[in-house]
Amino acid sequence: MRILTFTSLFPNAADKTFGVFIYQRMAHVNKRPGNQVYVVAPVPYFPSWLRSSRWGAVARIPKVEQIGDLTVYHPRYLLLPKLSMSIHGILIFLGSYRLVRGLHRRLKFDCIDAHYIYPDCFAAVLTGKLLGLPVAASARGTDINLFPSFRLVRPMIRWTLKHAAGNIAVCRALADEMIALGAPKERVTVIGNGVDLDRFQPLDQKEARRKLNIPDDAQAIIAAQHPRLKAYIVGKGDPRELQDLARTHNIEDRVFFVGSRPNEELNLWYSAADLSCLVSSREGWPNVILESLACGTPVLATGLWGVPEILVSPELGIMVAQETQAIADGLSDSLSRTWDRAAILRYARTRTWEVVAQEVAHYLNQISDTAIREKQ
């Protein structure tokens, strides 16, 4: 197949980790015999001559770049921060349609593979209607478990789900919500994410800690019960509120805010840890859980959305309610257990990106064949 992947969530020259899970999925689809994947990843327009710590890097993203084996195009679209969410999908469509039309005339795509129901998939479905191409719309998380609560956005999400040739959810909980929002049940399928076993594999814990300059007695976080425990919080976001909370409880010497780290470095963090902890209020299919398991490290996580579909056995980790005492009890329980890391590894290795790519390619073939039959 010749596939156009359409999404603003994709790695680029300014941020190599942005949407890396979509890159992994489609890079592996591209590797399958007979497939060719091209990517259109729209970015907001920002004049290169204006200085901005936030938008300056976006302005320097090239119009076309090569990410691994994939050619990625970056059309620009107008964006008014905090003001244009209700017309965000239209703006992406207007900024990218001419490029997509030209690529289709030259390359003759079989289908559009779009990610993030609004605004990206909305723009892709509009494009698909004009070009006569079937669109597979993939839901990722907040696009279904948060955005429908926005009054002006909800109708566009419903329209997208109804008019896409196929809808992919990364977990059953999202699929059920998509159907509740109006997606035809027969046009919804579940394809979870995978894990890169070349990148995520167990390392010697002491060696991983040495490379990260972590004291070798570090474990997790329940200070009263475990006086030598330490927590390392990895990821984007403003940590000031959590830093204040740590000072309030006099544990600022045990909680470390690492910030965003390169994807290829995360293997060290998982391997250095006794336990990975994810206590989100919303999720799709959280990649960090499978990545941790692929390093042999058990996980404590809030049991919501796609998490129960990954932590399918108590041998892999513990699920808790998003409540302070429940999390503390879960951490204490997790740290007192002896985990079978070989069993954890065996499970993680069943869900590779190669397996995911096979499922995605099969589904895209289905919607493409259906579209051809309907035209005849």
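Since the structure is predicted, the reported quantities are computational estimates derived from the model, not experimental observations.
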Can you tell me how far [atom2] of [Y] sits from [atom1] of [X], rounded to the nearest 0.5 angstrom?
| X | Y | atom1 | atom2 | result |
| --- | --- | --- | --- | --- |
| Phe93 | Phe122 | CZ | CZ | 9.0 Å |
| Asn30 | Met1 | CG | CE | 12.5 Å |
| Thr297 | Leu203 | OG1 | CG | 9.5 Å |
| Asp369 | Gln366 | CG | CD | 8.0 Å |
| Asn167 | Ile179 | CG | CD1 | 9.0 Å |
| Leu79 | Phe46 | CG | CZ | 11.5 Å |

Can you give me the closest heavy-atom contact between [X] and [Y], atom names plus distance?
| X | Y | result |
| --- | --- | --- |
| Trp353 | Asn287 | CZ2-ND2, 3.9 Å |
| Leu268 | Ala208 | O-CB, 3.6 Å |
| Leu133 | Cys111 | CD2-N, 4.2 Å |
| Ala321 | Ala326 | O-CB, 3.8 Å |
| Arg349 | Pro202 | NH2-CD, 4.1 Å |
| Leu126 | Trp159 | CD2-CH2, 3.8 Å |

Look at the side chain of [X] and the backbone N and O of [Y], then say whether any donor-acceptor pair between them is shorter than 3.5 Å.
| X | Y | answer |
| --- | --- | --- |
| Thr302 | Leu304 | no |
| Trp305 | Asn145 | no |
| Gln201 | Asp198 | yes |
| Asp176 | Leu174 | no |
| Arg158 | Leu181 | yes |
| Ser368 | Leu364 | no |
| Arg76 | His74 | yes |
| Ser138 | His115 | no |
| Arg187 | Ile168 | no |
| Thr350 | Tyr347 | yes |

query: Hey, would you say the Tyr77 and His88 ring centroids sit under 6.0 Å apart?
result: yes
task: Begin from the C-alpha positions of Glu354 and Arg25 and carry the test salt bridge (Lys or Arg N to Asp or Glu O under 4.0 Å) through to its verdict.
output: CA-CA 8 Å; Glu354 288 80 7; Arg25 183 162 113 174; over 6 Å; no
Kindly work out whether a path of hydrophobic side-chain contacts (I/L/V/M/F/W/Y, heavy atoms less than 4.5 Å apart) joins [X] to [Y].
| X | Y | answer |
| --- | --- | --- |
| Val170 | Leu146 | yes |
| Tyr363 | Val188 | no |
| Val190 | Phe21 | no |
| Val64 | Leu107 | yes |
| Leu99 | Val125 | yes |

query: Salt bridge check: are Asp15 and Lys236 linked by an N-O gap of less than 4.0 Å?
result: yes
Using a 4.5 Å cut-off on heavy atoms from C-beta on, say whether the side chain of [Y] contacts that of [X].
| X | Y | result |
| --- | --- | --- |
| Asp329 | Leu331 | no |
| Gln36 | Ile3 | no |
| Leu316 | Pro298 | no |
| Ser271 | Asp204 | no |
| Ser276 | Val288 | no |
| Gln66 | Val72 | no |
| Tyr118 | Cys121 | no |
| Ser292 | Trp269 | no |

- request: Could you please spell out the steps behind the side-chain contact (heavy atoms from CB on, under 4.5 Å) verdict for Leu212 and Glu265?
  value: CA-CA 10 Å; Leu212 295 171; Glu265 186 185 296; 4.2 Å; yes
- prompt: Can you list the steps and then say if Thr5 with Val40 is a side-chain contact (heavy atoms from CB on, under 4.5 Å)?
  reply: CA-CA 6 Å; Thr5 291; Val40 169; over 6 Å; no
query: Quick check: are there more than 12 heavy atoms from other residues, nucleotides or ligands sitting under 6.0 Å from CD of Glu241?
result: no
- prompt: Would you find more than 12 non-hydrogen atoms of other residues, nucleotides or ligands less than 6.0 Å from Glu315 atom CD?
  reply: no
message: For Ile144 and Ile157: C-alpha separation, side-chain torsions, deciding distance, then whether side-chain contact (heavy atoms from CB on, under 4.5 Å) applies.
response: CA-CA 8 Å; Ile144 290 297; Ile157 290 174; 4.2 Å; yes
- line: In Arg209, Lys230, Arg337, the residue satisfying salt bridge (charged side-chain N to carboxylate O under 4.0 Å, His left out) with Asp274 is Arg209
- prompt: Per the side chain to side chain donor-acceptor pair (under 3.5 Å) rule, which among Arg199, Gln24, Lys16 passes with Asn263?
  reply: Arg199
query: Is it the case that Asn193 and Arg140 place a side-chain donor and acceptor less than 3.5 Å from each other?
result: yes
message: Would Ser96 and Ile92 count as a side-chain contact (heavy atoms from CB on, under 4.5 Å) here? Give the steps.
response: CA-CA 6 Å; Ser96 59; Ile92 289 180; 4.2 Å; yes
field: Working for salt bridge (Lys or Arg N to Asp or Glu O under 4.0 Å), residues Arg240 and Asp238
entry: CA-CA 6 Å; Arg240 286 176 292 184; Asp238 186 345; 2.4 Å; yes
